[in-house]
Amino acid sequence: QVQLVESGGGLVQAGGSLRLSCTASGRTFSLNAIGWYRQFPGKQRGFVAAFTSDGSTTYADSVKGRFTISRDNAENTVYLQMNSLKPEDTAVYYCANYKLGYWGQGTQVTVSS
């Protein structure tokens, strides 16, 4: 059994920052396999950020230069640092091992204008 638990969401003003955390427990797999996704109201979940096979990172165009994905192997946690937030970043954010189909419960991020 795998559990992915997100935390760190909340309400922030435009231009502000938040850091989301995703802590994995249960079955062991590389933290490199965990990415971040978000879901806007009435829309499907979309890609935000992930690690590449060579250990680098990749981002959706809409968040490049503002969001940073990182990991702490000792804490079994993947982070999403979100800076310069915009109202259009308002969504439910999920971490997931997409290939294995493991998803967290999601955390709401709301950016006010």
Side-chain angles (χ1 to χ4, degrees):
Q1 187 76 6
V2 173
Q3 270 200 314
L4 299 175
V5 179
E6 301 103 334
S7 61
L11 174 64
V12 64
Q13 287 190 330
S17 298
L18 283 174
R19 189 178 78 158
L20 306 183
S21 300
C22 172
T23 300
S25 62
R27 173 182 168 181
T28 301
F29 51 78
S30 170
L31 293 183
N32 278 2
I34 296 177
W36 287 96
Y37 303 81
R38 64 185 178 183
Q39 186 168 20
F40 302 113
K43 303 289 186 181
Q44 290 188 328
R45 292 177 193 179
F47 169 75
V48 176
F51 299 101
T52 61
S53 57
D54 63 357
S56 183
T57 54
T58 183
Y59 299 92
D61 287 343
S62 58
V63 306
K64 274 181 187 174
R66 301 188 297 123
F67 290 12
T68 303
I69 187 171
S70 63
R71 63 188 181 274
D72 184 333
N73 291 331
E75 297 293 327
N76 227 27
T77 298
V78 175
Y79 301 100
L80 184 68
Q81 178 67 43
M82 306 186 294
N83 298 329
S84 302
L85 283 161
K86 305 175 182 179
E88 51 264 43
D89 293 317
T90 295
V92 178
Y93 285 71
Y94 298 87
C95 63
N97 182 321
Y98 184 84
K99 286 186 178 179
L100 295 181
Y102 297 122
W103 291 83
Q105 82 285 357
T107 185
Q108 176 70 47
V109 171
T110 303
V111 185
S112 63
S113 56

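The side-chain contact (heavy atoms from CB on, under 4.5 Å) search around S62 returns R38, A60, not counting sequence neighbours. Remark: N73 engages no residue in a side-chain hydrogen bond (donor to acceptor under 3.5 Å, both in side chains) (not counting sequence neighbours). For S84, the side-chain contact (heavy atoms from CB on, under 4.5 Å) partners two or more places apart in sequence, or in a different chain, are R66. Annotation: side-chain hydrogen bond (donor to acceptor under 3.5 Å, both in side chains) contacts of D72 (sequence neighbours excluded): none. A search for salt bridge (charged side-chain N to carboxylate O under 4.0 Å, His left out) contacts involving D54 returns nothing, not counting sequence neighbours. F40 pairs by the ring-ring contact (aromatic ring centres under 6.0 Å, His included) definition with nothing, not counting sequence neighbours. Looking at residues two or more places apart in sequence or on another chain, you find no side-chain hydrogen bond (donor to acceptor under 3.5 Å, both in side chains) involving K43.
The hydrophobic clustering, which links ILVMFWY residues whose side-chain heavy atoms are closer than 4.5 Å, places L11 and V111 apart. In terms of hydrophobic clustering, with Ile, Leu, Val, Met, Phe, Trp and Tyr side chains grouped at heavy-atom distances under 4.5 Å, Y98 and V92 are assigned to a common cluster. Residues L4 and Y94 fall into different hydrophobic clusters, defined by Ile, Leu, Val, Met, Phe, Trp and Tyr side chains chained together at heavy-atom separations under 4.5 Å.
The shortest side-chain heavy-atom distance between S17 and M82 does not fall under the 4.5 Å cut-off. Using a 4.5 Å heavy-atom threshold, the side chains of V2 and L100 count as separate. Inter-residue side-chain proximity for T58 and F47 is flagged as met; some heavy-atom pair is nearer than 4.5 Å. Residues L18 and N83 fail the side-chain proximity criterion, which asks for heavy atoms closer than 4.5 Å.
When all heavy atoms of Y59 and A49 are compared, the closest pair comes out as CD2-CB, 3.5 Å. The shortest non-hydrogen separation linking P87 to S113 is CG-CB, 3.8 Å. Nearest heavy-atom pair across F51 and V78 is CE1-CG1, 4.0 Å.
Listed by first and then second residue, the disulfide bond (SG atoms under 2.5 Å apart) pairs involving residues 41-72 amount to none (not counting sequence neighbours). Pairs engaging residues 29-76 under the disulfide bond (SG atoms under 2.5 Å apart) rule: none recorded [sequence neighbours left out]. For residues 22-107, the pairs satisfying disulfide bond (SG atoms under 2.5 Å apart) are C22-C95, with sequence neighbours left out. Applying the disulfide bond (SG atoms under 2.5 Å apart) test to every pair with at least one member in residues 33-73, sequence neighbours left out, gives no pairs at all.
Side-chain N or O atoms of T90 include none that pairs as donor or acceptor with a backbone N or O of T110 at under 3.5 Å. The backbone N or O of E6 sits less than 3.5 Å from a side-chain atom of Q105, completing a donor-acceptor pair. The main-chain N or O of A24 is found under 3.5 Å from a side-chain atom of N76 such that the two form a donor-acceptor pair. A donor-acceptor pair under 3.5 Å is absent between the side-chain atoms of Q39 and the main chain of Y93, judged by distance alone.
For an aromatic pair to be called close, the ring centres must be under 6.0 Å apart, and Y37 with W103 satisfies this.
Residue Y79 belongs to no hydrophobic cluster, having no ILVMFWY side-chain heavy atom closer than 4.5 Å to its own.
Rounded to the nearest 0.5 Å, atoms OH (Y102) and CD1 (I34) are 11.5 Å apart. The CG atom of N32 sits 8.0 Å away from atom OG1 of T52, with the distance rounded to the nearest 0.5 Å. Rounding to the nearest 0.5 Å gives a distance of 12.5 Å between CD of Q81 and CD1 of I69.
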Exercise. Which is it for T107 and L20 under the side-chain contact (heavy atoms from CB on, under 4.5 Å) test, yes or no, and what are the steps along the way?
Worked result: CA-CA 8 Å; T107 185; L20 306 183; 4.0 Å; yes

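In this structure, a donor-acceptor pair under 3.5 Å is present between the side chains of T23 and T77.
The pair D89-K86 fails the salt-bridge criterion, with no side-chain N (NZ, NE, NH1 or NH2) lying under 4.0 Å from an Asp/Glu carboxylate O.
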